[in-house]
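For reference, the structure is listed below as structure tokens.
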Amino acid sequence: MFTPVQTPIVTVATSCVDGTYQCVDSGKSVEFTVCNNGKLVTEACAPGTVCKTVKDSILCDWA
């Protein structure tokens with residue numbers, strides 16, 4: 001079975017710390033950002049899940 005790969009969206013941030021993650025809209029959106037070489041890259045959780053902020057981390061959990 002072929003699973004399409006989503007192309008990450010790269011946005012320029014004024015500042016971000018490499019390796020940090022953040023949900024775009026915790027508990028409501030599938031999207032999250034990760035800082036990679038000073039740039040925010042938007043990624044998405046798997047189908048049927050949403051990004052949730054948990055303490056100092058994020059996870060993709062069932063909607």
Side-chain angles (χ1 to χ4, degrees):
M1 175 181 215
F2 176 76
T3 303
V5 176
Q6 294 181 347
T7 303
I9 300 168
V10 178
T11 55
V12 177
T14 54
S15 66
C16 66
V17 178
D18 283 347
T20 56
Y21 292 80
Q22 183 176 355
C23 294
V24 171
D25 191 5
S26 185
K28 298 179 183 177
S29 174
V30 300
E31 294 183 327
F32 62 92
T33 60
V34 60
C35 184
N36 186 0
N37 293 318
K39 296 177 183 174
L40 286 176
V41 179
T42 302
E43 301 277 352
C45 294
T49 63
V50 294
C51 184
K52 295 182 181 178
T53 303
V54 179
K55 295 187 182 184
D56 294 333
S57 187
I58 67 166
L59 63 93
C60 292
D61 198 8
W62 299 110

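Here, residue 1 is the first one in the sequence, and each next residue gets the next number.
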Let me confirm one number: the [atom1]-[atom2] distance from [X] to [Y], rounded to the nearest 0.5 Å.
X     : Y     : atom1 : atom2 : answer
Asn36 : Glu43 : CG    : CD    : 9.0 Å
Tyr21 : Ser57 : OH    : OG    : 9.0 Å
Ile58 : Lys52 : CD1   : NZ    : 13.0 Å
Glu31 : Thr42 : CD    : OG1   : 6.0 Å

- Item | Phe32 vs Ser26, side-chain contact (heavy atoms from CB on, under 4.5 Å): CA-CA, chis, key distance, verdict | CA-CA 9 Å; Phe32 62 92; Ser26 185; over 6 Å; no
- Does Thr49 use its side chain to pair, donor to acceptor, with the backbone of Trp62 at less than 3.5 Å?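 No; judged by distance alone, with no hydrogens or angles, the pair does not exist.
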- Task: Give yes when the SG atoms of Cys45 and Cys51 are nearer than 2.5 Å, otherwise give no.
- Result: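 The sulfur gammas are not closer than 2.5 Å, so no.
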- Would the SG atoms of Cys35 and Cys16 measure under 2.5 Å apart?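 Bridged: Cys35 to Cys16.
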- Query: Just wondering, are more than 12 heavy atoms of other shown residues or ligands nearer than 6.0 Å to CG in Asp18?
  - Reply: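 Atom CG in Asp18 is crowded, with more than 12 foreign heavy atoms closer than 6.0 Å.
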- Go through the steps for Asp61 and Val50 under the test side-chain contact (heavy atoms from CB on, under 4.5 Å), then give the verdict. CA-CA 6 Å; Asp61 198 8; Val50 294; 5.6 Å; no
- Quick one: do Val41 and Val30 end up in the same hydrophobic cluster if we chain Ile, Leu, Val, Met, Phe, Trp and Tyr together by side-chain heavy atoms under 4.5 Å apart?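 Looking at the clustering, Val30 is in a separate group from Val41.
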- Starting from Leu59, walk the hydrophobic network (Ile, Leu, Val, Met, Phe, Trp, Tyr; side-chain heavy atoms closer than 4.5 Å) and list everyone else you reach, by chain and number.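 Noted: Leu59 shares its cluster with Val54.
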